[in-house]
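So the structure is just underneath, and the comments pick up after that.
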Amino acid sequence: MYITTTIPYVNARPHLGHALELVQADVLARHHRRRGEPVRFQTGTDDNSLKNVLAAEAEGVPVRELVDRNAAAFEGLRGPLELSFDGFIRTSGHPGHRAGVERIWRAVGHDLYRRHYDGLYCVGCEQFYPAGPCPDGHGEPLQAVSEENWFFRLSRYQDALAELIRGGRLRIEPAARRNEVLAFVEAGLADISVSRSAARARGWGIPVPDDPGQVVYVWWDALANYVTALEGGDYERWWVRERRKAHLMGKGVIRFHAVYWPAMLLSAGLPLPTDILVHDYLTVDGRKISKSAGGAVDPVALVAAYGSDAVRWWLLREVPRVGDADFTEARLIARYDEDLANGLGNLVNRVVTMVCRFLDGHVPEGEPPVGVSGAVHEALEDFDFRRAAAAVWTLVEEANRYVDREQPWKQAGPARERTLGGLVAACRELAVQLEPFLPTAAARVAAAVGGDRLGPPAPLYRRLSGVAH
RNA sequence: GGGGCGGUAGCUCAGCCGGUCAGAGCAUCGGACUCAUAAUCCGUGGGUCGUGGGUUCAAGUCCCACCCGCCCUACCA
């Protein structure tokens with residue numbers, strides 16, 4: 001399975017919203033790897049957005065400097081969030097990217113033509129609007145642009161796209177998003193501008209082949225990353241031969257991924273992605289996350305304060321499949337205490353304690369009294385991380401119930417050994433099931449219940465909130 | 001303007017093709033237990049399922065209108 005995230009433009013440091021998408025992609029990647037499937041998990045940054053240029057100007061630093069610094073911050077999420085991506089592409093630095101963009105451009109040449117265009121351009125959105133103001137409310141007024149650009153005959157692919165989506169060849173999840181895209185396509189597709197004058201782009205970006213006065217539209221440039229990130233044999237392996245190719249993205253950029261991008265590929269005669277997986281947005285304390293407004297939560301700071309398990313668990317367990325989710329530190333703490341400390345941590349702790357106290361640490365043979373069946377996989381196939389996380393957690397809940405039901409402290413001899421052996425086995429199984437979601441927790445649990453003889457108990461997670469006495 | 005998505009217990013949310021669907025978790029309250037991180041387990045209370053109509057033997061669950069929040073899209077139905 002080839003799994004990609006969108007590549008954010010790097011006009012600022014990453015916020016919690018980026019973490020959501022990366023963690024979701026990471027869970028998919030780890031899950032499918034664990035099933036023994038070949039997986040390539042690809043992410044990166046869009047360095048060529050005009051917004052990056054403007055951010056650099058506002059800050060008074062060279063574009064290159066700002067882009068390098070912020071891109072490094074995005075790549076640096078790998079450690080704190082425990083991301084397992086295999087590839088990280090930067091559109092300004094990746095050796096094959098520019099050449100790949102040019103190659104696609106030429107392959108699509110039969111659908112490109114020059115046209116004079118008068119329009120109002122919103123830099124914030126990187127797109128044209130027929131009339132102002134920008135619906136997203138980006139502060140700056142729309143730029144009146146009058147220039148000759150390259151256009152792509154998107155209109156030509158309307159029927160083909162509709163058919164691909166209707167037939168499920170191009171799967172869009174959740175279904176509501178699929179309907180949304182279908183409605184958009186069936187309403188009629190107009191050709192789109194795919195270049196801009198190099199002057200207006202401040203010279204930043206990839207020049208149009210054989211037309212140095214023009215720069216390739218940043219979206220064209222960015223979308224191409226999904227194939228340009230794959231060089232040499234990797235392209236053949238992951239874009240041509242791979243059966244499942246999934247793009248993860250936020251709801252704001254569906255049109256680019258589910259319409260423009262497939263149309264580009266159709267025109268170029270290249271294979272298409274198979275899954276478009278769309279998540280909604282996060283708000284923080286009830287407010288929209290705004291990179292510029294500072295209300296953004298720094299995922300790295302959050303991890304530093306609460307640990308990667310806490311952050312990943314909140315993102316996976318609390319964010320619904322449909323609808324924006326509101327992040328608050330209180331909710332994260334509540335989830336941490338309830339699930340990680342009281343649920344998982346306490347379970348492992350009580351099991352280890354009993355094995356040490358009653359059996360001198362020796363682990364008896366045992367079959368786990370609980371299991372998860374296919375619920376996790378089914379939920380992930382539906383792109384429902386919350387349901388998947390809940391499915392894994394049934395192991396914790398059932399194991400805790402099992403302890404209370406069997407009451408091993410009252411048991412003796414073989415009965416007690418059978419119970420405790422089963423519980424240790426259950427914890428080991430839990431470690432395995434947990435790995436795609438919480439790698440650190442999985443490792444901690446595995447360490448606590450590994451081997452023939454268990455060491456002394458040590459709490460895995462301390463409660464964060466004060467406990468009333 | 002068009003299209004779509006939400007509006008279900010105090011909070012966060014499940015409820016697919018209509019008939020144990022009125023639910024789960026948290027919070028509250030009561031009980032049990034003591035292996036454990038004052039944790040765990042069991043049980044209780046609480047909702048006119050946004051509003052108003054309609055279809056049906058039967059509707060959160062389908063249809064229409066409206067209200068609130070949000071998203072996409074379009075100044076050409």
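Just so it is clear: chains get the letters A, B, ... in the order the sequence lines come, proteins before strands, and each one is counted from 1.
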*Check: A/Asn346 side chain, B/A36 base, donor-acceptor under 3.5 Å*: yes
*Is B/G19 in the syn or the anti form, by the rule that syn lies within 90° of 0?*
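Anti conformation here, the glycosidic angle of B/G19 being more than 90° from 0.
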*State whether a side-chain donor-acceptor pair under 3.5 Å links A/Thr328 with A/Asp285.*
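Absent: no donor and acceptor within the cut-off.
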*Return the nearest nucleotide to the side chain of A/Arg331; candidates are B/U12, B/A14, B/C35.*
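Out of B/U12, B/A14, B/C35, the nucleotide with an atom closest to A/Arg331's side chain is B/U12.
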*Check every atom of B/C35, B/U37, B/C26 against the side chain of A/Arg463 and return the nucleotide holding the closest atom.*
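From the listed options, B/U37 comes nearest.
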Under 4.0 Å, heavy atoms only, any strand: does [X] hit a base, just the sugar-phosphate, or nothing?
| X | result |
| --- | --- |
| A/Arg335 | nothing |
| A/Asn342 | sugar-phosphate |
| A/Arg387 | nothing |
| A/Arg357 | sugar-phosphate |
| A/Tyr461 | base |

*Which residue lies toward the 5' end of RNA chain B, A/Lys410 or A/Pro459, if each is placed at its nearest nucleotide?*
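The answer here is A/Lys410.
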*Using heavy atoms to find the nearest nucleotide of RNA chain B for A/Arg177 and A/Leu460 separately, return the residue whose nucleotide is more 5′.*
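Result of the comparison: A/Leu460.
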*Do the numbers put A/Arg444 on top of the ring of A/Tyr461, so that NZ or CZ is under 6.0 Å from the six-membered ring centre and no more than 45° off the axis?*
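Yes, cation above the ring, under 6.0 Å and within 45°.
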*With rounding to whole Å, what would you report as the distance between B/A9 and B/G23 at their P atoms?*
14 Å
*asked:* Can you check the distance between B/U61 and B/G54, where both ends of the measurement are the P atom (answer in whole Å)?
replied: 14 Å
